Amino acid sequence: MIQLLSADGTRTPHEEFDEVLEAGGLATPERLRGYYRDMVMIRAADLEATSLQRQGQLGLWASALGQEAAQIGAGHAARTQDYLVPTYREHGIAWARGIEPWRLLEMFRGISHGGWDPHELRTHPYMIVLGAQAPHAVGYGMGLQRDGAVGTGDLERDTAVLALFGDGASSEGEVAESFTFAASFEAPVVFYSQNNQWAISVPTSVQTRVPLAQRSRGWGIPSVRVDGNDVLAVLGAVRSGLDSARAGEGPRFIESLTYRMAAHTTSDDASRYRPGSEEEEWAEKDPILRLRRHLAGLDEIDEAYVATCEEEAHDLAMQLHHHIHGMKDPDPMIVFDNVYSEPHPIVDAEREAYVQYLSQFEDEEAGR
Amino acid sequence: MIQLLSADGTRTPHEEFDEVLEAGGLATPERLRGYYRDMVMIRAADLEATSLQRQGQLGLWASALGQEAAQIGAGHAARTQDYLVPTYREHGIAWARGIEPWRLLEMFRGISHGGWDPHELRTHPYMIVLGAQAPHAVGYGMGLQRDGAVGTGDLERDTAVLALFGDGASSEGEVAESFTFAASFEAPVVFYSQNNQWAISVPTSVQTRVPLAQRSRGWGIPSVRVDGNDVLAVLGAVRSGLDSARAGEGPRFIESLTYRMAAHTTSDDASRYRPGSEEEEWAEKDPILRLRRHLAGLDEIDEAYVATCEEEAHDLAMQLHHHIHGMKDPDPMIVFDNVYSEPHPIVDAEREAYVQYLSQFEDEEAGR
Amino acid sequence: MSIVQLPIAKAITAGLRDAMRADEHVLIMGEDVGVLGGVFRVTDGLHAEFGSQRVVDTPLAEAGIVGTAVGLAFRGYRPVVEIQFDGFVFPAYNQITTQVAKMHYRTGGRVRMPLVIRIPHGGGIGAVEHHSESPEALFAHTAGLRILAPSTAHDAYWMTRQAIETDDPVIMLEPKRRYWMKGDVDTDHRPELSPWQAAVVRPGTDLTLLAWGPSVPLALEAAASAAQEDVSVEVIDARSLSPIDVPTIADSVRRTGRLLIVHEAPVLGGLGGEIAARITEECFYHLEAPVLRVGGFHTPYPPARTEHAYLPDLDRVMDGVDRLLAH
Amino acid sequence: MSIVQLPIAKAITAGLRDAMRADEHVLIMGEDVGVLGGVFRVTDGLHAEFGSQRVVDTPLAEAGIVGTAVGLAFRGYRPVVEIQFDGFVFPAYNQITTQVAKMHYRTGGRVRMPLVIRIPHGGGIGAVEHHSESPEALFAHTAGLRILAPSTAHDAYWMTRQAIETDDPVIMLEPKRRYWMKGDVDTDHRPELSPWQAAVVRPGTDLTLLAWGPSVPLALEAAASAAQEDVSVEVIDARSLSPIDVPTIADSVRRTGRLLIVHEAPVLGGLGGEIAARITEECFYHLEAPVLRVGGFHTPYPPARTEHAYLPDLDRVMDGVDRLLAH
Ligand SMILES: Cc1ncc(C[n+]2csc(CCOP(=O)(O)OP(=O)(O)O)c2C)c(N)n1
Ligand SMILES: Cc1ncc(C[n+]2csc(CCOP(=O)(O)OP(=O)(O)O)c2C)c(N)n1
Ligand SMILES: [Mg+2]
Ligand SMILES: [Mg+2]
């Protein structure tokens, strides 16, 4: 496992990744503070979402607590032109791509199935069907190849795809088929799996007996395993992978070892299947704490900055709170929208019949 | 690639496999002559089937020409109690398991979907949906584990499963999922892929950029690549794999490099996608010729034996010819049989209505 | 004590437990079915009682789950597979459609497939995408499968047992949003009614209302509501969706002359259409009105905060009743 | 020359070629579609003309084929995917049902899925298992998909082009056993009839006979045969199976009072049931008899030497006509 920051914040050099971080200006103190702030912000949003769920404002919430470095690092490792293909627990990725957190909350509230324009934000919709997004990522990469957007040598234009999935989802056949297509066509795709130790109640050992990183070697796809709670290791690995992919060197696979600190979702009770001691153990490896320790060691963070971040995070949580509490339920007629992009007589007839059906009640109410 | 017999019949020793062959008495001159005879027989049956298809007696035939060693070797490597899970081109496997060739022909003639009792012959039905049989093999192995039929140390009782699939089918997600299950549960399964270089018109290089044998390493499943036209290498690898699996040491994967000498099926025209020179090249590596050369080198075969084999093969072909030509079409009422094992009112009603419908014509004919 | 009050989920648990006690070849497989007891806790306690050889937390791969269950069935086991949510059955669709359904046929009756596929089914729980589907029509069209859809705790218990005892593959559609609805379960006396038969759960004379699974309580509510307007609605619980018990429905329609079918699945291409076609064929001269259907729209299952519009509710069922009676 | 005589397979080839010439974002993917030109030679010559970046021999994995096509569509491409045979579409069922069909909806209309999935469809070619299926009902139930089923060379050409031009995903069911049936194709003049509409292909007054794809020639044959007994059969080619053009069928049934539906798929749960239910609802007072259906049985597709019993043929269609007229 590659680690650049140990749990106490100590920095270990890593030839390849340090070069990549350096070249991209990704590890300047300012940037590091930025990652710290991002992680604090997204954690606050995450905690607020859980609380909103408890208040009945969301139907469900899938917390990414503990995976902040794995996501903020990967999100920032991508270049603007890259295309990111998340799962449903990718709030840090979303944040890094400029997707407002309330758009995520809307999905978990149950007012939309997808909250942003994938083209505009270069980020695929969240995906609940495990693994189903992986071939999309490869196909997108095959499109990039056909567009001449790979391997021209222009780092600001050449494009790669980051395909995310969990340790559990790694078992889905569609992920394996994605490896096959990516390897065969040398598609510019980095597969990035956050191994957060659990797929709901099932430990990673049920999905694989060997390190998950080894999986892609069966296709000859090079892989690394990084400490996913170490934002620098993640940044280095993902940037390096994406740059190699955009250069036309084919796919890579990264296993990012992290931990799902909360339950699977707000519907889940993690105490049924894992000991509190495990959670405590991982609390020691907290990605935010770690970066703060590192910054402190560099003398690049002060109490004021920490306080500002916390204040901003608090504000964000409040904003989300108010935004969600003030939210009206959608017009039920949206049910009929966007089923097709071109007119469809059956949908039109059903919409019309439903309008007519509803109008009865209006008549009734008017009649009262 | 492991080879025990080179194309000219020269024998190379191989520590592990020689031991296995020795222990099983699998490489005695008598056995070798038996394999030779089997391969000659099955090739004759195969050629006859192609000719029967040309005569309109079969709807289709998928020839296994060139894959005789890969199949006869694997079939005989299995112990009686083992369970074999074939594809649709496994005529040598079927032969080794005692499945009469006319049962295969019946399927390709279109009079049944499956010609034998899988329980009785410990051989799964032929499978046309590529890869779909692989999880069955693993599940069967999981059943063996639960039955206490694995790892007791009794080689005559402990049981393993041989799961067969082609180079093309190796790309199906269900095969990958089978690796996952087998690895996780340490199921007693040997995955055996005949890489015959082609999936219809698509070369193996489209399915994998690295040797196919490497595929299973992603799950930590040990693998070997053997010369599939070398009956001894196949015997050694498959027996060794199955014995290790039956001993409770978990799954293995074998890539068996061979060549589909005929077109994909009688509907296919291989000249559209591969050069005749390739076919010629592989003709040099013919598995039957090779074993005969080896036997000749050992001075363990004479003209009389060769002639007897050819006579027997000719007789078999004639038998098949007569059997198929004399075959009546099945009673169409079988369409309704075995849809369910317990009574089903819809099927019963449809059967009855069809009988009644048919009786109209009888009445008409009687009326004439 | 032979009668206990249980929620549907727990009735299924009891059915599974009793089946496992009765036959050691019964085993349970799926995602999170072990220590956790399933996301709906339907397998709660079974791992503790039967251990991990018989209650198997599998890798996360639905085709693999169903496919290995097929292999286990070949080996003489009776696997009960849990698909975590209706929306996640599709990765296993190939195995179910081309393998599970056809194995008995393609082996000429030599191999039986006593496999049960349990699927929490339907909407109305405010869930995120893919957690509220009603895919019954996508399975009923395929010969070789049987489909049961219990609507009461008693049926849930017995259908679980009977599905497991059946030598054909059975898909059990469990009414997710009614999992915590309680009912009396008599675990001692095998019901006289076959699981493959429909039940008239409320007799009536003006109109037949057919429903299954989660929609049965709604149908009963509608019948009660109609009764207040002196409309006598006969409610039939289909119970089995494959085979469909056409005779019981036809008997009723011959008496009432009118049929309304309610299901959560989209009306277009739903099972209601098949039933309507069959009943019309059998009862043509008894019908006072065309068979009408109330169900989901020809749209994907919508976001949770609009599902009340998508799902049949009392108003929409009553509207169907009114339209039917207006003929 | 604007009118050419082509077999259906070659009309599709021509449609693909012209679409690829017209729009460089159109590309073809599938098993053996490249150098070989597909097992039915439908993509013959396209690899030679457009090269392997636009005519892609993929790895052998249907979910991967459809799933990567989704990704290509996200990137602005218009992939035309070939599934080698109807029986092999099921490994891609998850992608088609949960992804392809729903992408436009779940992205709030922000992402379009101009994807075409070509499937050689139906039986009657004496094939081995899994090569003769008619799975249309397994797709028509899912909102978001469109389904076309051409029965003539002319429709085959134009529907191919129009399917590719459509911004929604389209499943093209190609009438496998009619691939070599020839017909005139006018490649210059866009047909006035929308691909989503049904066509009255033979007018008649006594009875409406609805069919699609490979069953249309059979329906025409039956109509000709009925004419000899002075029964006037109106034949409708459904052409589009999603959406179904209910108004055209209903218009006809209002005139004839009788509807017979013929399809190769099993009757139980087939699309015929949905159409019967809808037409009965719309034309209840015009119907002289219940809608009848002739189709496959509730069995897996049987071995080839018995498929003549399973498939609708002239005798079975005429039997349906007789039964319908007997009412
Ligand atoms: C195809 C499919 N099967 C099952 C589920 C139900 N499910 C949702 S999340 C989950 C566990 C996922 O684990 P992992 O991939 O490790 O991601 P994590 O939740 O740990 O982020 C399961 C089984 C699903 N969403 N999709
Ligand atoms: C799921 C599925 N997809 C497609 C096919 C059509 N098909 C039949 S054989 C074949 C090629 C198989 O190649 P391989 O696995 O290498 O086996 P081989 O034919 O070489 O023995 C294809 C594409 C199929 N039978 N099943
Ligand atoms: Mg996980
Ligand atoms: Mg091959």
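In this text, all values refer to a predicted model and were calculated from it rather than measured experimentally. Within every chain, numbering begins at 1; the chains are lettered A, B, ... in the order of the sequence lines, protein sequences first and strands thereafter.
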Look at the aromatic rings of F139(C) and Y93(C) and report parallel, tilted or perpendicular, splitting at 30° and 60°.
tilted

Output the option from H124(B), Q145(B), M107(B) having the highest count of non-hydrogen pairs under 4.5 Å with chain C.
H124(B)

Carboxylate-amine/guanidinium contact D82(B) R79(B), below 4.0 Å
no

Which bit of Q197(C) comes within less than 4.5 Å of chain B, counting heavy atoms only: side chain, backbone, both or neither?
neither

Contact leader toward chain C among P345(B), G173(B), S184(B), P118(B), where contacts are heavy-atom pairs under 4.5 Å:
P118(B)

Check whether D117(B) gets within reach of chain C through its side chain, its backbone, both or neither, counting any heavy atom under 4.5 Å.
both

Going from CD1 on I93(B) to OH on Y192(B), what distance comes out if it is rounded to the nearest 0.5 angstrom?
7.0 Å

Top residue by heavy-atom pair count (under 4.5 Å) with chain C, among A137(B), P135(B), P125(B)?
P135(B)

Does a side-chain heavy-atom distance below 4.5 Å link T159(B) with D147(B)?
no

Compute the ring centroids of Y126(B) and W116(B), then answer whether they are less than 6.0 Å apart.
yes

Which portion of V339(B) sits near chain C, non-hydrogen atoms under 4.5 angstrom:
both

Which bit of T98(C) comes within less than 4.5 Å of chain B, counting heavy atoms only: side chain, backbone, both or neither?
side chain

Evaluate whether atom CD of Q360(B) has more than 12 neighbouring non-hydrogen atoms of other residues, nucleotides or ligands under 6.0 angstrom away.
yes

Near-ring test Y340(B)/H104(C), centroid separation under 6.0 angstrom
no

R78(C) bridged to D167(C) by N-O distance under 4.0 Å
yes

Examine whether an atom of Q95(C) lies under 4.5 Å from a heavy atom of chain B, and if so say whether it belongs to the side chain, the backbone or both; otherwise answer neither.
both

Should the ring pair F253(B) and F191(B) be called parallel, tilted or perpendicular, given that the plane angle runs from 0 to 90° and is split at 30 and 60?
perpendicular

Let's test your reading of the structure: which of M142(B), H344(B), H113(B) forms the most heavy-atom pairs below 4.5 Å with chain C?
H344(B)

Is there a side-chain hydrogen bond (donor to acceptor under 3.5 Å, both in side chains) between R217(B) and S223(B) once you walk through the steps?
CA-CA 7 Å; R217(B) 309 270 175 88; S223(B) 63; 2.8 Å; yes

Checking I334(B) against chain C: side chain, backbone, both or neither under 4.5 Å from a heavy atom?
backbone

If we ignore angles and hydrogens, is there a donor and acceptor under 3.5 Å between the side chains of T87(B) and E90(B)?
yes

Which one, S112(B), S178(B), A349(B), A132(B), leads in non-hydrogen pairs under 4.5 Å with chain C?
A132(B)

Only pairs of heavy atoms separated by less than 4.5 Å count here; which of P169(C), P91(C), G64(C), A73(C) has the most with chain B?
G64(C)

Among D245(C), V66(C), T107(C), T166(C), which has the most heavy-atom pairs under 4.5 Å with chain B?
T166(C)

Charged N to carboxylate O under 4.0 angstrom, E49(C) versus R21(C)?
yes

Need one label for V56(C): side chain, backbone, both or neither, based on atoms under 4.5 Å from any heavy atom in chain B.
side chain

Donor-acceptor pair, distance only, cut-off 3.5 Å: does the side chain of Y354(B) make one with the backbone of F336(B)?
no

Please look at V189(B) and chain C and tell me whether the side chain, the backbone, both or neither of the residue comes under 4.5 angstrom of a heavy atom of that chain.
neither

Taking side chain as everything from C-beta outward and backbone as N, CA, C, O, which of these in E350(B) sits under 4.5 Å from a heavy atom of chain C? Side chain, backbone, both or neither.
side chain

Part of S52(C) within contact of chain B (heavy atom distance under 4.5 Å)
backbone

In terms of relative ring orientation, are F108(B) and H91(B) parallel, tilted or perpendicular, with 30° and 60° separating the classes?
perpendicular

Can you list, pair by pair, the side-chain donor-acceptor contacts under 3.5 Å of residues 142-149 of chain C, counting residues two or more places apart and other chains?
| from | atom 1 | to | atom 2 | distance (Å) |
| --- | --- | --- | --- | --- |
| R146(C) | NE | D168(C) | OD2 | 2.9 |
| R146(C) | NH2 | E342(B) | O | 3.0 |
| R146(C) | NH2 | P343(B) | O | 3.1 |
| R146(C) | NH2 | D168(C) | OD2 | 3.1 |

Report which part of Y77(C) has an atom under 4.5 Å of a heavy atom belonging to chain B: side chain, backbone, both, or neither.
side chain

Residues in residues 23-36 of chain C that sit under 4.5 Å from chain B, counting heavy atoms only:
L27(C), M29(C)

